[in-house]
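The chains referred to below are lettered A, B, ... by the order of the sequence lines, with proteins before strands, and numbering in each begins at 1. All values derive from a computational prediction rather than experimental measurement. Hydrogens, waters and symmetry mates play no part in the numbers below; they use all other heavy atoms, side chains included.
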Amino acid sequence: MSDLRTLFDAASALAGQSFAELADAQGMSVPADLRRHKGWVGQLLEAALGASAGSQALQDFPELGVELKTIPLDARGRPLETTFVCTTPLLDVTGLNWEASNVRNKLQCVLWIPIDGRREIALAQRTVGTAFLWQPSAAEEAQLKADWQEHMDKIALGQVEQITAHQGEVLQLRPKAANSRVLTEAVGPGGEIIQTLPRGFYLKTGFTWAIIKRTFDLADSN
DNA sequence: GGATGATCATGC
DNA sequence: GCATGATCATCC
């Protein structure tokens with residue numbers, strides 16, 4: 001992808017296409033469901049748009065500074081899932097600041113691609129929605145920053161295990177691992193090193209719903 | 001019905 | 001294990 005316009009046009013052109021059509025074009029096969037293929041739709045869209053970062057800790061289109069995110073919507077256009085942003089540092093966090101954070105970097109410019117997330121529709125028949133570019137408004141960034149700071153303060157104080165997904169207005173902290181037996185190092189209550197579940201930052205659905213709602217001029221009811 | 005905590009696949 | 005891509009499954 002040489003420029004943002006080209007990428008956006010390519011993403012826009014995917015609107016209305018079914019996963020079966022897209023998979024066929026990419027030489028991919030469509031799984032029966034997502035239970036054992038949770039990231040499949042994201043990978044399908046990455047392939048269709050030529051994202052190249054792979055498993056590196058980079059934006060999907062580093063040269064454009066753009067992060068690609070699919071977001072599954074229900075019949076009313078509401079997000080069905082929270083949106084994973086990045087994993088959370090749990091050690092040596094005292095010097096970290098929002099401006100240099102991975103969360104801010106990832107969310108600086110997002111190419112959102114709504115997808116049909118309805119489980120009652122066969123995966124192959126679900127379709128891609130209308131892509132749109134988003135950059136956080138000053139208000140949105142302020143919310144994100146406040147939540148990020150609150151979480152990071154607790155982590156720095158050795159209180160990571162007191163954090164639940166209920167905390168944070170728009171940005172929550174939740175486990176992010178293969179399973180609940182996976183452990184990583186963190187700071188404990190007494191400043192010692194403890195073993196704990198890896199965590200990740202996720203955008204709450206209320207936050208992404210507000211973006212979707214505004215973008216497509218949808219009503220709050222229904 | 002919706003959100004939380006747990007989980008799945010893959011590459012290095 | 002940690003990064004990527006997320007949704008599942010169970011709970012309230």
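Within the 4.0 angstrom heavy-atom criterion, no nucleotide atom of any strand lies near V41(A).
Contacts of D116(A) classified as salt bridge (Lys or Arg N to Asp or Glu O under 4.0 Å), with partners at least two apart in sequence or in another chain: R118(A). Considering only residues two or more places apart in sequence or on other chains, D74(A) meets the salt bridge (Lys or Arg N to Asp or Glu O under 4.0 Å) condition with none of them. Annotation: side chain to side chain donor-acceptor pair (under 3.5 Å) contacts of R5(A) (sequence neighbours excluded): D9(A). When the side chain to side chain donor-acceptor pair (under 3.5 Å) test is applied to R104(A), the partners found at least two apart in sequence or on another chain are E141(A). Applying the side chain to side chain donor-acceptor pair (under 3.5 Å) rule to S101(A) yields no partners; only residues at least two apart in sequence or on another chain are considered. For R119(A), there are no side chain to side chain donor-acceptor pair (under 3.5 Å) partners, not counting sequence neighbours.
Between the two ends of the helix from dG1(B)-dC12(C) to dC12(B)-dG1(C), each summarised by a five-pair axis, the helix axis turns through 30° (rounded to 10 degrees).
Rounded to whole Å, atom C1' of dG5(C) lies 15 Å from atom CG of L58(A). What separates CD of Q59(A) from P of dA3(C) is a distance of 16 Å, to the nearest Å. Between D60(A) atom CG and dA3(C) atom C1' the separation is 12 Å, expressed in whole Å. At whole-Å resolution of the value, CD in E46(A) and C1' in dA3(C) are 12 Å apart. As a whole-Å value, the separation of Q43(A) CD from dG11(B) C1' is 11 Å.
Across every non-hydrogen atom of S18(A) and T127(A), the tightest pair is CA-CG2, 3.9 Å.
Using a 4.0 Å cut-off, some side-chain N or O of T87(A) falls inside it from OP1 or OP2 of dA3(C).
Taking a 6.0 Å sphere around NZ of K154(A), one finds it holds more than 12 heavy atoms contributed by other residues, nucleotides or ligands.
Screening L107(A), T87(A), L173(A), D147(A) for a side-chain contact (heavy atoms from CB on, under 4.5 Å) with F201(A), the sole residue that qualifies is L173(A).
The stretch residues 74-95 of chain A participates, sequence neighbours left out, in these ring-ring contact (aromatic ring centres under 6.0 Å, His included) pairs: F84(A)-Y202(A).
Its side chain within the 4.5 Å cluster rule, V187(A) clusters with L91(A), I193(A) among the Ile, Leu, Val, Met, Phe, Trp and Tyr residues.
Between the side chain of Q59(A) and the main chain of N105(A), a donor-acceptor pair closer than 3.5 Å is present. Judged by distance alone, the side chain of Q135(A) and the main-chain N or O of Q108(A) form a donor-acceptor pair under 3.5 Å.
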- Task: For each nucleotide in nucleotides 3-8 of chain B, reading 5' to 3', give B when a protein heavy atom comes within less than 4.0 Å of its base, S when such contact involves only the sugar-phosphate, and - otherwise.
- Result: SBBBBB

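A heavy atom lying under 4.0 Å from DNA chain C marks the following residues of residues 109-130 of chain A, by number: R119(A). Residues from residues 65-74 of chain A lying near DNA chain C, meaning a heavy-atom separation below 4.0 Å, are E67(A), K69(A), T70(A), P72(A) in numerical order.
When each of V182(A) and F84(A) is assigned the nucleotide of DNA chain C bearing its nearest heavy atom, the one mapping closer to the 5' terminus is V182(A).
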